[in-house]
Amino acid sequence: AKIFSLLGDEVDFCTFTGGPFGAVCDGLTAGEGITLHTVPTAAGVRTNTKIIDGDGVCTEFNEAGGPVTAEELALLKTELLRCCGKAQVLSICGSLPQGVEKDVYKVFTEFGKSTGKRVVLDCDGEALVLGLEANPDIIKPNEYELENLGLSTGLFGKFSTDPEERLKEVTEACVKVAEKYKTTVICTRGGDGSVLVNPDGKIIFRESMKVRLIGFSGAGDTFLSGYIAARFDKGFTEEYALICATAAGASKVVLEGSELPEATDIDEAIDDIIRPKNKEFKEIPIEETILEGIEPWNIKKICHSKTKK
């Protein structure tokens with residue numbers, strides 16, 4: 001939500017809150033020009049801890065959210081229905097707290113699709129398996145989440161540890177999911193880049209930017225927000241939207257903790273992808289990404305129009 005707002009979009013954010021951390025999160029979010037719709041819960045907001053060692057290996061300690069009562073969930077559904085009417089894009093993100101039905105994201109996706117919205121689903125496990133039955137427009141699993149999706153559905157098995165074979169298997173997995181559920185699959189692969197496959201079978205590969213890794217927190221969300229802003233707000237091509245996403249994610253991981261990049265940081269990263277200062281990487285021909293009348297590397301263009309999310 002904060003990245004959408006930073007890129008100039010109007011954002012309505014629906015979430016549970018509660019406890020001391022809930023109050024902190026509410027204050028930080030409200031200060032970003034976001035319209036906040038919160039439902040207090042007795043359990044309060046959970047905490048997640050990430051520890052990065054000297055080799056860049058991240059260890060996560062994630063608390064289970066909730067439990068959430070049926071009454072609290074009903075209130076959140078009401079808030080979502082109330083604020084979502086004028087939205088063009090419905091982004092459904094995050095793990096499900098205890099006490100919430102596993103098919104709730106499927107219900108939210110069905111609502112969004114029935115009202116003509118673009119629906120983006122970013123979750124994992126059973127919530128993703130069931131949510132896919134409603135055919136969201138986009139899902140964004142990482143490799144681990146994609147592998148678990150294959151094992152849960154029987155579509156494919158574990159991925160190889162060999163880098164070349166693994167990329168082939170990840171790509172084939174994305175194709176299978178895209179075909180079966182009529183959705184665009186964007187699989188993030190950390191330092192190995194990303195793969196996009198749409199329902200028509202189009203495949204796009206994007207290498208990651210080589211930057212100093214400092215903080216993982218929020219990197220995937222920042223990546224996805226960059227893609228949505230470029231793709232649905234300005235209508236950029238999938239290729240260029242993936243460049244924007246890569247630049248946004250790279251701009252985040254060089255920052256500590258939950259600090260977020262500025263639009264100018266993302267802008268500079270996009271410029272470096274298309275016209276790299278490090279000549280180890282191939283320069284992208286402008287013809288591949290240009291839109292008529294628009295310089296594609298300037299993400300400030302994205303900030304000019306308002307899309308309600």
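Just so you know, these numbers come straight off a predicted model, no measurement behind them.
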Residues K102, E126: salt bridge by 4.0 Å N-O rule |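 Answer for the salt bridge query: no.
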Residues E169, K158: salt bridge by 4.0 Å N-O rule |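 So E169 does not pair with K158 through a salt bridge.
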ring-ring contact (aromatic ring centres under 6.0 Å, His included): which pairs involve residues 168-190, sequence neighbours left out?
->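 For residues 168-190: none.
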Set of residues satisfying ring-ring contact (aromatic ring centres under 6.0 Å, His included) with respect to F156, sequence neighbours excluded =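 Listed in chain order: F159.
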Is the backbone N or O of [Y] less than 3.5 Å from a side-chain atom of [X], with the two atoms forming a donor-acceptor pair by type?
X	Y	answer
E72	A42	yes
T183	P136	yes
E165	D162	no
N198	T184	no
K252	S217	yes

Could you walk me through whether E143 and R166 pass the salt bridge (Lys or Arg N to Asp or Glu O under 4.0 Å) test, one step at a time?
-> CA-CA 10 Å; E143 278 192 354; R166 188 178 185 86; 2.7 Å; yes
List the steps and the verdict of side-chain contact (heavy atoms from CB on, under 4.5 Å) for C187 and S194.
-> CA-CA 6 Å; C187 179; S194 58; over 6 Å; no
Tell me, with the steps shown, if K202 and E239 meet salt bridge (Lys or Arg N to Asp or Glu O under 4.0 Å).
-> CA-CA 10 Å; K202 184 177 186 178; E239 290 89 347; 2.6 Å; yes
Are [X] and [Y] close enough that some pair of their side-chain heavy atoms sits under 4.5 Å apart?
X	Y	answer
S91	I228	yes
L121	F108	no
V120	F232	yes
L7	S5	no

Apply the test salt bridge (Lys or Arg N to Asp or Glu O under 4.0 Å) to residues D137 and K113: give CA-CA distance (whole Å), side-chain angles for both, the deciding distance (0.1 Å), then the verdict.
-> CA-CA 9 Å; D137 294 278; K113 299 282 285 187; 3.5 Å; yes
